[in-house]
Protein chains: 2
Amino acid sequence: MIRIIIAEDQRLLRGAMASLLGLEDDIEVVGEAGDGEEALRMIEKLQPDICLMDIEMPKLSGLDAAEKLKAAGSACRVVILTTFARPGYFERGVKADIRGYLLKDEPVEKLAEAIRRVMQGHREVSPELVFGSMREENPLTPREQEILRLAAEGSSASEIAEKLHLSYGTVRNYISETLGKLAVKSRIEAVKLAEEKGWI
Amino acid sequence: MIRIIIAEDQRLLRGAMASLLGLEDDIEVVGEAGDGEEALRMIEKLQPDICLMDIEMPKLSGLDAAEKLKAAGSACRVVILTTFARPGYFERGVKADIRGYLLKDEPVEKLAEAIRRVMQGHREVSPELVFGSMREENPLTPREQEILRLAAEGSSASEIAEKLHLSYGTVRNYISETLGKLAVKSRIEAVKLAEEKGWI
DNA sequence: ATTTTCGGATGACAACTGTCACCCGAACGG
DNA sequence: CCGTTCGGGTGACAGTTGTCATCCGAAAAT
């Protein structure tokens, strides 16, 4: 019997998956979590074989949770299940030793199958990830990302400078660099693009 | 037997709902669509009693589809099923005569029940919509929305002016007005806020 | 028939943004 | 020890934003 936990904030999807997987006779859904923290608590208590984990969840993202599990040396295998095929996410997941990265665009039938294969020691990845935009690496340095992130929240150059203890001019240089790298003409476009690609 | 169609772009959720609803013995899932256009074609051909419709879908949004159905005088009852409790969406849905507006945050059990109640002539709305942010009306005029939408895509004032056949100065006046109404200090913040609230 | 209202336009000003060329010092690699 | 790279900083310039006061003409309202 494969014991799994489902961490997903959309109750509808979570419930639906739990019901369906529960119908499989080699799989048992032992717990459902609505956010990352709850998932961690549950994994520790119930020691499931696999945790099906969404990324964008309240309190603690699925990737954060996976990283904490790795750090704690948990035996629970994490399978990320998300809408977003963002290369940044995938890469981070790989570093956190996840065993699978599935997209919510996959047909349901594949889900149980993927879980079984992960139990056998395989790694499961949605094909879109393997080919696809995948190899679009993040061209931004950490600093540039940090600055663009603040700009995305609506901070002006001088506000960013203050928050980061940099000079006004330096911040503007970074933004200028960033615009060049992303080949766009304004912060707004840069923010859109970077958010879409998962670069910030 | 209640005949329904599910229009939802996330294959996983679509499949899961179809399987679960199919288990109910008074409900029959007669079709599944992955975008708005497909949903319309299917509804016309299969004449289902109810269409469970996501909003954000490729090609044609669920709201657009609902409006077209209303215009065509279709007998198919539309139930919106979405992540977003945006007042603007809800309002638009009501105008398109939808019979229900459910959030994906609802537990699965409610789904079949809501469908039955809609068949009996009731209207089903997630409680969050009734109270909640609901009463935050869109403070922006159509023109202001149009302009903010373009700004959101990264257009500069002069580009917007060109596209809308307005003068440069007028566009800036509109944006200034908008910033005032939304009580923010820059386009970026305005865009974030307006998108979040569903005002553009 | 005269106000209001409203969409649109101007012009001017201050502040902010984006670009560029160039400077500085610390940290390597040779 | 020297050169290069790299994070950070300056200053200057042109262009874009955001703000205001003000203006015009066409609908509505009274």
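Protein chains get the first letters and strands the later ones, always in sequence-line order, with residue 1 at the start of each.
- In this structure, the CD atom of A:Glu177 is 13 Å from the C1' atom of D:dG8, given to the nearest Å.
- Atom CD1 of A:Ile175 is separated from atom C1' of D:dT16 by 14 Å (rounded to the nearest Å).
- Contact annotation: B:Thr170 does not reach the phosphate of C:dG8 (side-chain N/O to OP1 or OP2, under 4.0 Å).
- Distance, A:Leu150 CG to C:dT17 P: 13 Å, rounded to whole Å.
- Comment: A:Glu67 does not engage A:Lys70 in a salt bridge, judged by the lack of any side-chain N to carboxylate O separation of less than 4.0 angstrom.
- Checking the phosphate oxygens (OP1, OP2) of C:dC16, no side-chain nitrogen or oxygen of A:Ser156 falls inside 4.0 Å.
- Under 3.5 Å, the side chains of A:Tyr174 and A:Gln145 contain no donor-acceptor pair of N or O atoms.
- With salt bridges taken as basic N to acidic carboxylate O contacts below 4.0 Å, none links A:Asp26 and A:Arg3.
- Checking A:Lys185 against B:His165, the closest nucleotide of DNA chain C that is more toward the 5' end is the one next to B:His165.
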So which protein nitrogen or oxygen atoms get under 3.5 Å of nucleotides 11-15 of chain D's nitrogens or oxygens?
none

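- The nucleotide whose nearest atom lies closest to any side-chain atom of A:Ser167 is, among D:dT17, D:dG9, C:dA9, D:dG9.
- The listed nucleotides are C:dG7, D:dG7, C:dT19; the one nearest the side chain of A:Tyr174 is D:dG7.
- At the heavy-atom level, B:Ser186 lies under 4.0 Å from the strands shown only through sugar-phosphate atoms.
- Listed nucleotides D:dG8, D:dG9, C:dA9 differ in distance to A:Arg143; the shortest reach to its side chain belongs to D:dG8.
- The nearest whole Å value for the distance from the CG atom in A:Leu179 to the P atom in C:dC16 is 18 Å.
- Between the side chains of B:Glu159 and B:Tyr168, not a single donor N or O lies within less than 3.5 Å of an accepting N or O.
- For the 3.5 Å distance criterion, the side chains of A:Glu106 and A:Ser126 qualify, holding a donor opposite an acceptor.
- As rounded to whole Å, 13 Å separates atom P of D:dG7 from atom CD of A:Glu146.
- Residue contacts for B:Thr141: at a heavy-atom cut-off of 4.0 Å it reaches no nucleic acid atom on any strand shown.
- Rounded to an integer number of Å, the gap from CD1 of A:Ile160 to P of D:dG8 is 14 Å.
- Here C:dT17 is the nucleotide among C:dA9, C:dT17, D:dG8 with the atom lying nearest to any side-chain atom of A:Ala157.
- For A:Ile188 and D:dT16, the CD1 to P distance is 15 Å, given to the nearest whole Å.
- Here the straight-line distance linking atom CG of A:Asp54 with atom OG1 of A:Thr83 works out to 6.5 Å at 0.5 Å rounding.
- Atom OH in A:Tyr168 sits roughly 7 Å away from atom C1' in C:dT17 (whole-Å rounding).
- The ring pair (Phe, Tyr, Trp, His ring centres under 6.0 Å) pairs that include a residue from residues 93-112 of chain B are B:Phe90-B:Tyr101, where partners are two or more places apart or lie in different chains.
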